[in-house]
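First the structure, in the form of structure tokens, and then the observations on it.
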Amino acid sequence: TYDAFSMLFLMAKAGEVQPLIRAIETYPSVDVRVAVVTLVALSAQPDIVPTLRRLAVPGSQPDHVRTELTDAIDRISTQGREAPIPV
């Protein structure tokens, strides 16, 4: 499980998110969809936000997945706005 998670995280960090997006859109298990959204959010790639917004449209995903998507959008957006601490 750890190896699979590491590989998926590296994919997200590298910007290779299409397989992850397909999993969020169509995977039968809601728990897996939520886990993938969390994984994508941890990658903190601001370029993914428009895609996450598209996926979070009402009626497009189960409520639990949509909630996680909006949380992920907020986390990524907040990380992008945080100013670095001066040294």
Side-chain angles (χ1 to χ4, degrees):
T1 302
Y2 177 78
D3 291 338
F5 181 79
S6 296
M7 179 61 77
L8 293 172
F9 183 74
L10 288 173
M11 287 174 58
K13 276 303 254 189
E16 295 296 326
V17 296
Q18 283 308 319
L20 302 174
I21 298 304
R22 279 194 303 276
I24 295 168
E25 290 176 320
T26 63
Y27 202 83
S29 168
V30 170
D31 291 335
V32 169
R33 290 181 185 199
V34 168
V36 174
V37 172
T38 302
L39 176 78
V40 170
L42 288 173
S43 73
Q45 298 293 324
D47 296 345
I48 195 72
V49 170
T51 301
L52 296 180
R53 283 192 180 120
R54 178 182 60 80
L55 293 174
V57 171
S60 64
Q61 297 291 328
D63 289 341
H64 192 58
V65 176
R66 281 190 51 241
T67 299
E68 191 62 32
L69 284 163
T70 56
D71 289 348
I73 292 165
D74 290 343
R75 283 191 301 257
I76 294 170
S77 299
T78 300
Q79 289 173 353
R81 289 191 305 255
E82 291 177 353
I85 299 171
V87 181

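- What you find for Ala56 and Arg66 is that their closest heavy atoms are O-NE, 3.0 Å.
- Not counting sequence neighbours, the partners of Arg54 by the salt bridge (charged side-chain N to carboxylate O under 4.0 Å, His left out) test are Glu25.
- Distance check, rounded to the nearest 0.5 Å: CD of Glu68 to CG of Leu55 gives 13.0 Å.
- Note that the CG atom of Leu52 and the CD1 atom of Ile76 stand 5.5 Å from one another [nearest 0.5 Å].
- Residues satisfying the side-chain contact (heavy atoms from CB on, under 4.5 Å) test with Ser29, not counting sequence neighbours, are Tyr27, Asp31, Val32.
- Distance check, rounded to the nearest 0.5 Å: OG1 of Thr51 to CG of Leu20 gives 11.5 Å.
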For residues 39-48, tabulate all N or O donor-acceptor pairs below 3.5 Å that involve a side-chain atom, not counting sequence neighbours.
| unit_1 | atom_1 | unit_2 | atom_2 | d |
| --- | --- | --- | --- | --- |
| Ser43 | OG | Val40 | O | 2.5 |
| Gln45 | NE2 | Lys13 | O | 3.3 |
| Gln45 | NE2 | Ser43 | O | 3.4 |

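- Put simply, the side chain of Ser77 does not reach to within 4.5 Å of the side chain of Asp74, judged on heavy atoms.
- In terms of the side chain to side chain donor-acceptor pair (under 3.5 Å) criterion, Thr70 has no residue partners (sequence neighbours excluded).
- Annotation: side chain to side chain donor-acceptor pair (under 3.5 Å) contacts of Arg33 (sequence neighbours excluded): Gln61.
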